Q: 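One structure is given below, represented as structure tokens, and several questions about it will come after.
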Protein chains: 2
Amino acid sequence: MKTRKEFLSGTLSTIILGLLKENDKMYGYEICQVTKQRTNNEIVLTMGAIYPSLYKLEKEGYIKSSKEIVNGRSRKYYSLNPTTINDIDNRIASLLNFSQNITNLLKIS
Amino acid sequence: MKTRKEFLSGTLSTIILGLLKENDKMYGYEICQVTKQRTNNEIVLTMGAIYPSLYKLEKEGYIKSSKEIVNGRSRKYYSLNPTTINDIDNRIASLLNFSQNITNLLKIS
DNA sequence: TACTTATATATAAGAAAATTATATATTAAT
DNA sequence: ATTAATATATAATTTTCTTATATATAAGTA
């Protein structure tokens, strides 16, 4: 069951932060791949969404980036900014909580 | 834990359909109240969001409305259009599935 | 060799959907 | 008389994503 596009709205940046919390450092393309694999191809993040979202998170101070050359290709790795970890934890917890609320609200019908 | 506003983006119309599936007929204000109560004040739908969303769902043929006067006040009741029940069931199932994917994706970290 | 697929980032134009603010009106409670 | 609760409506703005496009390298295949 492919996820309807609109559901992803607003959750993208928190998904990114959640994966970065778990993975020390990741690059944009990798975040898309991991998300796809871990959700059985149901949540598909697009390039046009992920990169602007990463820039915004960096501009807001939640993450920081560093460029590396790997196998002759340039990669831009991102990692969490530890000074904002409380904010980040709250965002992730809030999204998990929202998901639980949605389930409670709709599974009854 | 109050839900961050952005998470609601894109899910509102499916929440409405989910509640209408369960409740035969409801009016906009009631949908807001029920959602608030059932989520311990965490999911708060706003008036500015709910009414335009109801109009759109009606225009798209998913729901139909009828006005009633109750206690001297006008109420606009909405109910599901049975001809679109398959679409509606798919939307609700897809949102529940999305919530499960989010949980699987983020609860690990 | 040439072509395609996969990897990898970037950004502009447009659309969709919500937020915020405002307006109106009645009933109930203080 | 005033405030809070009930109830609907809509305009302006902002945010955020989709879609499309552009660039570039590596690996696999025909």
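Letters go in sequence order (proteins before strands), and every chain restarts at 1. All figures in this text were calculated on a predicted structure; none of them were measured in a lab.
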Q: C:dT9 phosphate, OP1 or OP2: any side-chain N/O from A:Tyr29 under 4.0 angstrom?
A: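 So the side chain of A:Tyr29 is outside the cut-off, no N or O lying under 4.0 Å from OP1 or OP2 of C:dT9.
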Q: Between D:dT15 atom P and A:Leu57 atom CG, what is the distance in whole Å?
A: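 Distance check: A:Leu57 CG to D:dT15 P gives 15 Å.
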Q: Quick check: on DNA chain C, is the nucleotide nearest A:Val70 upstream (toward 5') of the one nearest A:Ala49, or the reverse? Name the residue that is more 5'.
A: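 Looking at the nearest nucleotide for each, A:Val70 comes out on the 5' side.
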Q: Using a 3.5 Å distance criterion without hydrogens, assess whether the side chain of A:Thr103 forms a donor-acceptor pair with backbone atoms of A:Ser99.
A: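 Confirmed, A:Thr103 side chain pairs with A:Ser99 backbone.
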Q: Tell me the interatomic distance from A:Tyr78, atom OH, to C:dT9, atom C1', rounded to whole angstroms.
A: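 Result: 9 Å.
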Q: With a 4.0 Å cutoff (strictly under), does any side-chain N or O of B:Tyr55 reach OP1 or OP2 of D:dA9?
A: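 Looking at the OP1 and OP2 atoms of D:dA9, one of them is under 4.0 Å from a side-chain N or O of B:Tyr55.
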Q: How many Å lie between CD1 on A:Ile50 and P on C:dT9, as a whole number?
A: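 Going from CD1 in A:Ile50 over to P in C:dT9 covers 10 Å.
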Q: Report yes if a side-chain nitrogen or oxygen of B:Lys5 is closer than 4.0 Å to either non-bridging phosphate oxygen (OP1 or OP2) of C:dT20; otherwise report no.
A: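 Yes.
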Q: Please tell me which of B:Pro52 and A:Glu30 maps to the more 5' nucleotide of DNA chain C, matching each residue to the nucleotide holding its nearest heavy atom.
A: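 Whichever sits nearer the 5' end wins; that is A:Glu30.
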Q: Any side-chain N or O of A:Ser9 less than 4.0 Å from the OP1 or OP2 oxygen of C:dA17?
A: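 The answer is no; no side-chain N or O of A:Ser9 sits under 4.0 Å from OP1 or OP2.
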Q: For the side chain of B:Thr46, starting at C-beta, report the closest nucleotide among C:dT20, D:dT6, D:dA9.
A: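 The closest nucleotide is C:dT20.
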Q: Please work out if A:Gly48 contacts a base, only the sugar-phosphate, or nothing of the nucleic acid, heavy-atom cut-off 4.0 Å.
A: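 Counting heavy atoms under 4.0 Å across all strands, the contact made by A:Gly48 includes a base.
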Q: With a cut-off of less than 4.0 Å, is there a side-chain N or O of A:Tyr51 near OP1 or OP2 of C:dA10?
A: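 No.
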Q: Please report the distance, rounded to the nearest Å, between CD1 in A:Ile31 and P in C:dA8.
A: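 Distance check: A:Ile31 CD1 to C:dA8 P gives 13 Å.
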Q: Thinking salt bridges, do A:Glu22 and B:Lys107 make one under a 4.0 Å N-O criterion?
A: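 Answer for the salt bridge query: no.
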Q: With no hydrogens and no angle check, just 3.5 Å: does a side-chain donor-acceptor pair link A:Ser13 and A:Arg91?
A: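 The answer is yes; a qualifying pair exists.
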Q: Base, sugar-phosphate or nothing for A:Gly72? Non-hydrogen atoms, less than 4.0 Å.
A: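 Sugar-phosphate, no base atom in range.
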Q: Any donor-acceptor pair under 3.5 Å linking the side chain of B:Asn81 with the backbone of B:Lys64?
A: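 No: the side chain of B:Asn81 does not pair with the backbone of B:Lys64.
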Q: Would you call B:Glu30 and B:Lys76 a salt bridge, taking side-chain N to carboxylate O under 4.0 Å as the test?
A: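 Looking at B:Glu30 and B:Lys76, the cut-off is not met.
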Q: What nucleotide, of C:dT11, D:dA5, D:dT25, holds the atom closest to the side chain of A:Arg73?
A: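 Selected nucleotide (nearest to the side chain): D:dT25.
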Q: Rounded to the Å, how far apart are B:Leu8 CG and D:dT15 P?
A: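 Atom CG in B:Leu8 sits about 18 Å away from atom P in D:dT15.
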Q: Look at the side-chain N and O atoms of A:Lys76 and state whether any lies under 4.0 Å from the OP1 or OP2 oxygen of C:dA10.
A: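 Yes.
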Q: Between C:dA18, D:dA7, C:dA8, spot the one nearest the side chain of A:Arg75, thanks.
A: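 When the side chain of A:Arg75 is considered, C:dA8 is the closest of C:dA18, D:dA7, C:dA8.
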Q: Quickly work out the A:Lys56 NZ to D:dT15 P distance and round it to whole Å.
A: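 Atom NZ in A:Lys56 sits about 7 Å away from atom P in D:dT15.
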Q: Of the listed nucleotides (D:dC17, D:dT16, C:dA10), which one gets closest to any side-chain atom of A:Leu12?
A: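 So the side chain of A:Leu12 is nearest to D:dC17.
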Q: Atom OH of B:Tyr27 and atom C1' of D:dT6: how far apart are they, to the nearest Å?
A: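 About 8 Å, once rounded to whole Å.
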Q: Provide, to the nearest angstrom, the distance between the CE atom belonging to B:Met47 and the P atom belonging to C:dT20.
A: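 Rounded to the whole Å, the gap is 14 Å.
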Q: Judged by atom type as modelled, is there a donor-acceptor pair below 3.5 Å linking the side chain of A:Thr39 to the main-chain atoms of A:Thr35?
A: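 Yes; judged by distance alone, with no hydrogens or angles, the pair exists.
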